[in-house]
**Q** 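Here it is: the structure, laid out below.
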Amino acid sequence: MSDITANTPIHGSSAPRDAPMATTGLIAWLRANLFSGWLSTAVTLLLGYLIVRAVIGIVDWAFINAIWSVPLSPTGVAQTQVCRDLQGAGACWAVVTEKHRFMLFGTYPYEQHWRPAIVCLLFIGLYIVSAMRRFWNWTLIPIWAVTLTAIGILMWGGVLGLPYVPQERWGGLPITLILATFGLAFAFPLSIVVALGRRSNLPAIKVLCVVYVELIRGVPLISLLFMASVMFPLFLPEGMNIDKLLRAQIAIILFAGAYLAEVVRGGLQALPKGQYEAADAMGLSYWQKTGLIILPQALRLVIPPLVNTFIGFFKDTSLVLIIGIFDLLTAGKTAIVEPAWQGFGVEVYVFVGLIYLCFCFAMSKYSQGLEAELNRHRRR
Amino acid sequence: MSDATVDPRFRRKPPKRPLRLSWSDERVRGIVWQVVVVAIIGSIFYWLWSNTVHNLEVRRIATGFGFLWREAGLPIAEHLIPYEPTDTYFRALTVGVLNTLKVAVVGIVLATILGTIIGIARLSKNFLVSKIAGFYVELLRDLPLLLQLLFWYTVMQGLPGPRQAFHPTEGVFFSNRGFRFPALVWEGAHTAALIACVIGIVLTWLYARAARARQMADGQPRKVWPAAIALIIGLPVFVWLAMGAPWTIDWPALRGFNFRGGMAVSPEYAALLIGLVTYTAAFIAEVVRAGILSVNQGQWEAAQALGLRHGSVLRLIVLPQALRVIIPPMTSNYLNLTKNSSLAVAIGYQDIVSIANTTLNQTGQAIEGIAIIMLVYLTISLSISLFMNWYNAKIALVER
Amino acid sequence: MSAAIETLGVHVASSVRTDAPPAIVLDKVNKWFGALHVLRDVDLQVALGERVVVCGPSGSGKSTMIRCINRLETHQEGRILVDGIELTDDVRALDAIRRDVGMVFQSFNLFPHLTILENCTLAPIWVRKMPKKHAEELAMEYLTRVRIPEQAKKYPGQLSGGQQQRVAIARALCMKPKIMLFDEPTSALDPEMIKEVLDTMVMLAAEGMTMICVTHEMGFARQVADRVVFMDRGEIVESGTPDQVFNDPKTERLKLFLSQILRGH
């Protein structure tokens with residue numbers, strides 16, 4: 001029977017004991033996560049076997065049997081017969097070693113390749129700086145302005161002793177980065193204006209913003225790119241010409257603006273009403289309230305979905321292939337048009353894919369880490 | 001509770017505030033802003049439009065949709081309805097729309113199945129399963145869709161020629177001219193069996209409802225699966241047998257340089273479908289995972305504390321709540337798949353974008369062509385949006 | 001110190017059944033979360049009809065202990081017996097135990113997509129295989145007893161916190177459990193709603209229900225508990241009648257705890 005009804009204090013606290021082997025350590029982890037039941041064990045063994053076979057196959061194809069370079073004939077044409085003899089058993093990485101400069105920089109003059117290379121580094125630097133919390137205030141704007149101007153100077157040249165390179169010769173990775181980054185740079189302010197407009201009480205402005213957002217989000221990006229490529233010349237008076245890259249850039253800006261506007265609107269809605277009311281109670285005007293109180297908070301709230309949207313249209317810049325603009329993917333596809341290199345698409349796409357993967361995976365991990373951190377703070 | 005006659009003190013309407021024509025009146029400011037914005041945007045559009053009219057005149061480009069009724073002269077390799085290059089542009093564009101729907105509908109079904117499996121796999125307790133699923137999702141979401149489509153198309157083209165086609169089983173061939181499967185020669189008995197199957201599904205649903213009602217009446221649960229099997233499988237089989245059990249299979253065979261007979265899947269369609277399905281499944285997996293995680297642990301615990309078994313908890317408590325969170329982003333993914341099918345133009349599958357593009361190149365009427373493309377997609381998007389809004393309002397959790 | 005803990009009312013008469021086997025037995029129960037030793041050699045026996053209040057500082061393992069009783073957490077060492085049935089991995093035993101043990105959570109955990117009535121009839125229909133009409137009558141009876149029969153057709157989101165918690169109690173009672181577990185039932189409530197929930201629990205106690213209640217409400221403990229158990233850092237430090245524990249604490253840890261929670265009074 002219950003003998004603890006009487007007051008029986010237990011003197012001296014017992015020290016914590018170590019958990020039994022069955023609950024901690026490697027064995028316990030294996031038991032819980034890989035072999036927790038007979039079904040789980042069977043699946044683990046099957047998957048383990050398949051993974052090992054796949055890894056061996058990939059290592060064979062990509063490294064052991066692969067060919068890393070091919071000889072050039074006296075006329076400079078690559079002798080790819082040795083690659084073809086492999087018949088798929090090994091990768092022909094020679095296409096990457098021969099053509100990587102072309103794929104990365106397009107038809108940019110060969111001796112000037114250091115310029116687009118620095119441009120790519122500048123872009124990467126810009127992303128990293130924007131990701132650091134220290135810079136999340138209005139100093140970001142001059143940083144972006146200066147960097148983008150420097151990029152423009154480097155790409156075009158014509159000043160500071162740099163030879164001029166016309167836009168038709170730009171290509172490869174810099175174009176992808178330019179389209180994505182300038183797209184974001186101009187679409188972001190546009191999206192803020194549209195998001196604010198959509199939440200305004202003035203019916204005309206609200207309708208305009210709603211129509212813009214729903215129209216753009218309802219159509220595929222390709223149709224906008226077609227519009228840019230074929231219709232924009234019709235919209236402009238005779239004699240006024242904007243080149244193809246700029247047209248595609250405008251289309252991407254309009255496209256990104258609509259999607260970003262929805263993200264920003266989500267942030268504006270998530271902000272507690274009390275913030276708006278407190279700002280009003282202090283007598284701030286609409287623009288003061290928006291600029292000093294609302295936007296700084298709302299924008300911080302939506303940085304993870306913002307980054308995810310940016311990843312989305314970083315990848316979407318590849319669509320300019322269809323209207324004939326030379327971005328990274330187009331350069332890759334063109335590299336295998338040459339008869340000597342025909343048929344080695346897989347190697348080229350793996351190479352191009354790895355570059356995209358580097359950028360997008362880094363951004364994805366960043367956004368996930370940020371989200372986890374923001375959730376932690378919010379739950380307090 | 002309310003009086004039939006309202007107290008006369010409360011019958012007045014609020015007084016109208018007269019508009020003071022002064023900048024300090026908020027409403028005046030609002031009106032001025034709107035007028036200014038509309039005027040600016042209006043004048044920009046007017047300028048663009050007048051340029052366009054002028055340019056079209058100068059280049060002697062026709063306007064209007066009259067070209068739809070002209071002969072297209074456009075060869076289309078795959079068409080769901082009969083089509084000849086001598087048909088009109090209108091028919092060509094219709095074929096395009098049908099081709100788009102063909103890849104979109106099949107793609108949505110397959111992507112949902114694959115995505116749900118992967119989403120659930122990510123939540124599995126087995127480390128390998130969840131990590132592999134996670135790896136799949138991360139990899140496919142970080143690569144551009146166009147790259148993936150080109151990759152799959154290259155793989156399709158890298159398949160051996162028809163003479164050396166892969167031949168895993170009887171009648172199935174994978175070559176660089178596409179896939180070939182044995183096809184059932186469709187006869188009346190098969191249509192009847194299909195109708196019987198649909199009827200069987202409806203009857204099973206009715207039976208399940210009746211069984212549920214009986215369980216509510218006396219508490220004893222009733223098994224539905226025997227009747228389901230009988231109705232959904234047994235009934236069509238019975239009908240088919242009764243009508244003579246026709247079962248002729250059209251086996252593909254190599255004739256000359258290509259196969260004849262059987263069901264053909266072109267490499268373009270296959271590449272587009274595989275690319276779209278694998279890509280969209282990665283996004284759907286995340287949506288499903290988020291939906292299941294959204295049901296907080298307390299719901300599981302409360303249901304289990306009441307004695308409900310795992311299956312019942314899922315069915316009665318978790319899934320209804322999870323679906324509410326899953327369905328809106330799921331439809332947005334369906335919409336994305338449909339819009340992404342427009343990338344078909346890059347690998348040579350003739351969907352509406354591809355055909356409209358050729359049309360506008362041939363007729364020179366760019367504005368009409370692009371307007372047609374946008375109209376088709378806007379119709380699909382807006383109708384799905386409307387349905388979504390209606391559905392959301394209907395199932396919203398009732399709160400104060 | 002005794003005057004500082006007010007009683008809610010007259011102390012509820014004891015209904016301990018000494019002739020029946022104990023309702024709950026915890027025998028040298030140990031539990032680890034990873035490497036953290038959260039329950040240390042816990043020994044506890046609860047007789048049928050007995051009302052036990054468990055108190056202690058946060059992190060002391062009190063919630064973990066009662067969640068082990070209906071296997072929402074699993075213990076690694078020791079034995080737990082509920083109504084004579086031992087808690088192991090046996091699913092049938094678990095089903096039998098969960099049918100007879102009702103639980104009320106701190107965050108109510110009502111099912112938001114079902115009406116109040118459906119929340120209460122769900123388990124009787126699907127677990128006890130009751131006909132629907134019978135289950136609804138039973139649910140209305142208990143909803144009346146917790147004094148919110150008029151909310152039956154509403155949804156949980158439309159009710160206040162105190163009402164939701166009373167529904168949660170009614171929902172647990174609809175399974176006609178032998179034992180009720182309360183895991184800090186009033187901690188998530190606004191002060192003005194705590195009383196209505198405590199009144200319901202007092203009423204339940206007066207009817208002779210076996211209860212284990214984790215709570216900070218000491219007035220409730222005084223009124224209702226046959227025994228108060230003080231836990232700290234995973235072990236039971238002191239236990240005894242409310243008088244003994246509140247007026248005559250023997251260990252330093254209990255004295256410290258009491259001084260902390262009484263500071264506000």
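Throughout, protein chains are lettered first and strands after them, A, B, ... in sequence-line order, and every chain is numbered starting at 1.
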**Q** Surrounding NZ of A:K289 (heavy atoms of other residues, nucleotides or ligands, distance under 6.0 Å), is the total greater than 12?
**A**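 Yes, because the 6.0 Å sphere around NZ of A:K289 holds more than 12 heavy atoms from other groups.
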**Q** Check whether B:I132 gets within reach of chain A through its side chain, its backbone, both or neither, counting any heavy atom under 4.5 Å.
**A**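 Answer is side chain: those atoms of B:I132 sit under 4.5 Å from chain A.
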**Q** Give the member of A:E214, A:M363, A:K315, A:M231 that has the highest number of heavy-atom pairs under 4.5 Å with chain B.
**A**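 Most heavy-atom pairs within the cutoff with chain B belong to A:K315.
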**Q** Over all heavy atoms of both residues, which pair between A:I322 and B:A346 is shortest? Give the atoms and the distance, please.
**A**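 Looking at all heavy atoms of both residues, the shortest contact is CD1-CB, 4.0 Å.
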**Q** Heavy-atom cut-off 4.5 Å, strictly under: side chain, backbone, both or neither for A:L208 against chain B?
**A**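 Interface part for A:L208: side chain.
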**Q** Hey, what do you get for CG (B:L145) to CG (A:D316), rounding to the nearest 0.5 Å?
**A**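 Interatomic distance, B:L145 CG to A:D316 CG, rounded to 0.5 Å: 8.5 Å.
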**Q** Name the member of A:I51, A:L47, A:V230, A:I205 that forms the most heavy-atom pairs with chain B at distances under 4.5 Å.
**A**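 Counting heavy-atom pairs under 4.5 Å, the top option is A:L47.
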**Q** Heavy-atom distance under 4.5 Å between the side chains of B:Y377 and A:S223, does that happen here?
**A**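 No, too far: nothing below the 4.5 Å cut-off.
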**Q** Between A:S318, A:P237, A:G48, who has the most heavy-atom pairs with chain B when the cutoff is under 4.5 Å?
**A**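 That would be A:P237.
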**Q** I'd like to verify something: which residue of A:V43, A:I311, A:V346, A:L236 has the highest number of heavy-atom pairs under 4.5 Å with chain B?
**A**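 With the most close heavy-atom pairs to chain B, the winner is A:L236.
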**Q** Any idea which of B:L146, B:I373, B:L150 has the most non-hydrogen atom pairs under 4.5 angstrom with chain A?
**A**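 Most heavy-atom pairs under 4.5 Å with chain A: B:L150.
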**Q** How far apart are the closest heavy atoms of A:W287 and B:W33, and which atoms are they?
**A**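 Reported closest heavy-atom pair: NE1-CZ2, 4.3 Å.
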**Q** Applying side-chain contact (heavy atoms from CB on, under 4.5 Å) to B:M374 and A:L215, what does each step give before you reach the verdict?
**A** CA-CA 9 Å; B:M374 289 187 160; A:L215 205 74; over 6 Å; no
**Q** Counting only non-hydrogen atoms closer than 4.5 Å, does B:V345 touch chain A with its backbone (N, CA, C, O), its side chain (CB onward), both, or neither?
**A**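 Just the side chain, heavy atoms under 4.5 Å.
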**Q** Among B:N126, B:V353, B:L343, B:T52, which has the most heavy-atom pairs under 4.5 Å with chain A?
**A**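 Counting heavy-atom pairs under 4.5 Å, the top option is B:N126.
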**Q** Pick one of side chain, backbone, both or neither for B:F283, based on which atoms fall under 4.5 Å of a heavy atom in chain A.
**A**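 For B:F283, the side chain is the part near chain A, not the backbone.
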**Q** Determine the minimum heavy-atom distance between A:S364 and B:D142, stating which atoms define it.
**A**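 Smallest heavy-atom distance, with atoms named: CB-OD1, 3.9 Å.
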**Q** Heavy-atom distance under 4.5 Å to chain B: side chain of A:L329, backbone, both or neither?
**A**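 It is the side chain, since no backbone atom gets that close.
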**Q** Taking B:V155, B:N55, B:L375 one by one, which has the highest count of heavy-atom pairs under 4.5 Å against chain A?
**A**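 The answer is B:N55.
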**Q** Drop me the distance from B:L143's CG to A:F361's CZ, to the nearest 0.5 angstrom.
**A**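 If I round to the nearest 0.5 Å, the distance is 11.5 Å.
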**Q** Just verifying a value: how many Å separate A:I222 CD1 and B:S341 OG, rounded to the nearest 0.5 Å?
**A**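 Spacing of CD1 (A:I222) from OG (B:S341) equals 9.5 Å.
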**Q** Counting distance only, does the side-chain N/O of A:K333 pair as donor-acceptor with the main-chain N or O of B:L147 below 3.5 Å?
**A**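 Side chain of A:K333 to backbone of B:L147, a donor-acceptor pair under 3.5 Å: no, none is there.
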**Q** Of the backbone (N, CA, C, O) and the side chain (C-beta and beyond), which part of B:V58 lies under 4.5 Å from a heavy atom of chain A, both, or neither?
**A**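 When you check distances to chain A, only side chain atoms of B:V58 fall under 4.5 Å.
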**Q** When you measure from the side chain of B:K339 to the backbone N and O of A:R217, does any donor-acceptor pair fall under 3.5 Å?
**A**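 Yes.
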**Q** Counting distance only, does the side-chain N/O of B:N51 pair as donor-acceptor with the main-chain N or O of A:F235 below 3.5 Å?
**A**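 Yes; judged by distance alone, with no hydrogens or angles, the pair exists.
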**Q** For B:F166, look at atom CZ and say whether over 12 heavy atoms of other residues, nucleotides or ligands are found less than 6.0 Å away.
**A**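 No - once you tally the heavy atoms of other residues, nucleotides and ligands closer than 6.0 Å, there are 12 at most.
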**Q** Drop me the distance from A:Y349's OH to B:W152's CH2, to the nearest 0.5 angstrom.
**A**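 That separation rounds to 14.0 Å.
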**Q** By a 4.5 Å heavy-atom criterion (distance strictly below it), what part of B:I370 contacts chain A: side chain, backbone, both, or neither?
**A**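 Side chain only.
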**Q** Identify which of B:E138, B:Q148, B:Q157, B:K125 forms the greatest number of heavy-atom pairs closer than 4.5 Å to chain A.
**A**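 Going by pairs under 4.5 Å, I would pick B:E138.
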**Q** Given the options B:V37, B:V35, B:V38, B:I367, which has more heavy-atom pairs under 4.5 Å with chain A than any of the others?
**A**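 Looking at each option in turn, the highest pair count goes to B:I367.
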**Q** At what distance, to the nearest 0.5 angstrom, does CD1 of B:I41 lie from OH of A:Y212?
**A**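 Between atom CD1 of B:I41 and atom OH of A:Y212 there are 11.0 Å.
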**Q** With a sphere of 6.0 Å drawn around CH2 of B:W49, does it hold more than 12 non-hydrogen atoms of other residues, nucleotides or ligands?
**A**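 No - once you tally the heavy atoms of other residues, nucleotides and ligands closer than 6.0 Å, there are 12 at most.
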